[in-house]
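All remarks here apply to the structure that follows.
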Amino acid sequence: MAGKINFLGHPVHPMLIVFPLGLLPLAVIFDITYLSTANGQWAQFSFWLIATGVLGGLLAAVFGAADWWALDDGTRAKRIGLWHGLINVVVTALFAISWVMRRPTPAAPPTAAIVIGIIALVLALIAAWIGGELVYRLSVGVDFDAHVDSPSSLSGRSAKEKAR
Ligand code: HEM
């Protein structure tokens, strides 16, 4: 099953998720480092990681929503894809709240802001597992003719298959 928005033959959504899934967990790691070292510089790194991670998450969500929209109604992919999207929107919102709470003192964030980030990370792991289920179990975004000896996505053959 083909994803709706592609770049060079591959779905754009998985290209963009590296930003939220890279930056936001790193922010939590830096928060924990801040708590264990009491060095405010780690919290300041987290502050900017969260800002860029939330922006990356919003961008990724737009492309994920477009791919989800293109799925056939009544399928398991459509159902669990909705859960995947909703949980990720909550995750992005929680990190945004955590960022707003840090704004007055980025180098000394309130403990509640750090706890919200940890809760959001747990939710993100659940949503990422559902994302893996969508791709590797339900073949969302995978070409119809995918196999270990398929021609390149740029050969044009896959595009023809997708049009079916
Ligand atoms: C911060 C926001 C988001 C993150 C971090 C995220 C993360 C992921 C991950 C990890 C995968 C599996 C990719 C793979 O294993 O190759 C995935 C796939 C997918 N996600 Fe998301 N997601 C986000 C938002 C959304 C939203 C809002 C929707 C809309 C319902 C959505 C729909 C999909 C779909 C349809 C797939 C299957 C692959 C594709 O067609 O692109 N995602 N996502």
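Indexing begins at 1, ligand by ligand and atom by atom, following the structure's order. FYI, the numbering just counts along the sequence from 1.
- Of all the heavy atoms of L21, the ones lying under 4.0 Å from any atom of ligand 1 belong exclusively to the side chain.
- Against a heavy-atom cut-off of under 4.0 Å, Y136 is close to the following atoms of ligand 1: 14 (C), 15 (O), 16 (O).
- The residue F63 has no part lying near ligand 1, judged by heavy-atom distances below 4.0 Å.
- Here the side chain of K78 pairs a donor or acceptor atom with the backbone of W69 at under 3.5 angstrom.
- Residue contact check: G57 has heavy atoms under 4.0 Å from atoms 1 (C), 2 (C) of ligand 1.
- Taking distance alone, with nitrogen or oxygen atoms compared against 3.5 Å, W68 stays at or beyond that limit from ligand 1.
- In this structure, of H10, K78, H13, E133, the residue bringing a heavy atom nearest to atom 19 (C) of ligand 1 is H13.
- Every atom of ligand 1 is numbered from 1 in the order shown, and the set under 4.0 Å from a heavy atom of G81 is 30 (C).
- Counting the atoms of ligand 1 from 1 in the order shown, those under 4.0 Å from a heavy atom of T92 are 1 (C).
- Each of V54, I118, I116 was scored for a side chain to side chain contact (heavy atoms under 4.5 Å, CB included) with L94, with one residue passing: I116.
- When non-hydrogen atoms are compared, ligand 1 lies under 4.0 Å from the backbone of A61 as well as from its side chain.
- Here H13 contributes atom NE2 and L59 contributes atom CG; the two are 10.5 Å apart, rounded to the nearest 0.5 Å.
- Taking 4.5 Å as the limit, some side-chain heavy atom of L134 sits within range of a side-chain heavy atom of I80.
- The nearest pair of heavy atoms linking N88 to A127 is OD1-CB, 3.5 Å.
- Less than 4.0 angstrom separates some heavy atom of A65 from each of these atoms of ligand 1: 28 (C), 29 (C).
- I32 and L125 fall into different hydrophobic clusters, defined by Ile, Leu, Val, Met, Phe, Trp and Tyr side-chain heavy atoms under 4.5 Å apart, directly or through other members.
- Only one option out of Y34, F47, F30, W48 pairs with W42 in a ring pair (Phe, Tyr, Trp, His ring centres under 6.0 Å); it is F30.
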